[in-house]
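Below, each value reflects all heavy atoms present in this structure, side chains not excepted, and no hydrogens, waters or symmetry copies. Start at 1 with the first residue, then count along the sequence.
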Amino acid sequence: QVQLVESGGGLVQAGGSLRLSCAASERTLSNFAVGWFRQAHGQEREFVARISRLANTKAYTDSVKGRFSISRDNVKNTVDLQMNNLKPEDTAAYYCAADSGTVLTKIPRDYEYWGQGTQVTVSA
């Protein structure tokens, strides 16, 4: 069992930045690829970014490329999502998720463990 806890959400003006962090307890996060997903009110959960176990592969959804950056620290057992130049359409609950598989996937059901989410609100 892997328990994931997100932090770093909040309210920010358009053009601002936030850094989300995902921490794991009880098991090392380095055994998993980690993805960030988001879910806006009334919308389906969508893929945002993913980082492989050794951070040699990263993937982003098109709408965040050049603005968001995913990274991990396998010593601290954390995965971060740096979000710059935020836009109102980035407003959503953001979730981190862990995948024990090695094939890059953007499908939520492929991820075994999920955090409770952290809210990001971007005002115009």
To check you understand the geometry: which heavy-atom pair defines the closest contact between Ala24 and Leu29, and what is its length?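 Here Ala24 and Leu29 meet closest at CB-CD1, 3.7 Å.
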To check you understand the geometry: which heavy-atom pair defines the closest contact between Ser21 and Thr78, and what is its length?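 Between these two residues, the closest heavy atoms are OG-CB, 4.1 Å.
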For Lys65, is there an ion pair with Asp62 - N to carboxylate O distance below 4.0 angstrom?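 Yes.
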How about Glu89: does its CD atom have over 12 heavy atoms from other parts shown lying under 6.0 Å from it?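 Counting neighbours around CD of Glu89, more than 12 heavy atoms of other residues, nucleotides or ligands fall under 6.0 Å, so yes.
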Answer yes or no: are there more than 12 heavy-atom neighbours, outside Gln116 itself, under 6.0 Å from its atom CD?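 At most 12 heavy atoms, drawn from other residues, nucleotides or ligands, come within 6.0 Å of this atom.
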Could you tell me if the side chain of [Y] sits less than 4.5 Å from the side chain of [X], heavy atoms only?
X	Y	result
Gln13	Leu86	no
Arg38	Val64	yes
Arg67	Asp90	yes

Distance only, no hydrogens: is a donor on one side chain within 3.5 Å (strictly under) of an acceptor on the other, for Ser100 and Glu112?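 Side-chain D/A pair, Ser100 to Glu112: present.
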Assess the side chains of Asn74 and Ser30: does a donor N or O sit below 3.5 Å from an acceptor N or O? no
Show me the pairs that pass ring pair (Phe, Tyr, Trp, His ring centres under 6.0 Å) and involve residues 39-89, at least two apart or across chains. Phe37-Phe47
Would you kindly check if the NZ (Lys) or CZ (Arg) of Arg53 is within the cone defined by 45 degrees around the ring axis of Phe32 and under 6.0 Å from the six-membered ring centre?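 No, Arg53 does not lie over the aromatic ring of Phe32.
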Would you compute the distance between atom CG of Asp80 and atom CG of Leu20 and round it to the nearest 0.5 angstrom? 8.5 Å
So, using salt bridge (charged side-chain N to carboxylate O under 4.0 Å, His left out) as the criterion, who are the partners of Lys58 when residues are at least two apart?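 Lys58 satisfies salt bridge (charged side-chain N to carboxylate O under 4.0 Å, His left out) with no other residue.
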Disulfide bond (SG atoms under 2.5 Å apart) contacts touching residues 32-65 (sequence neighbours left out):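 As it turns out, there is no disulfide bond (SG atoms under 2.5 Å apart) pair with a partner in residues 32-65 once direct neighbours are skipped.
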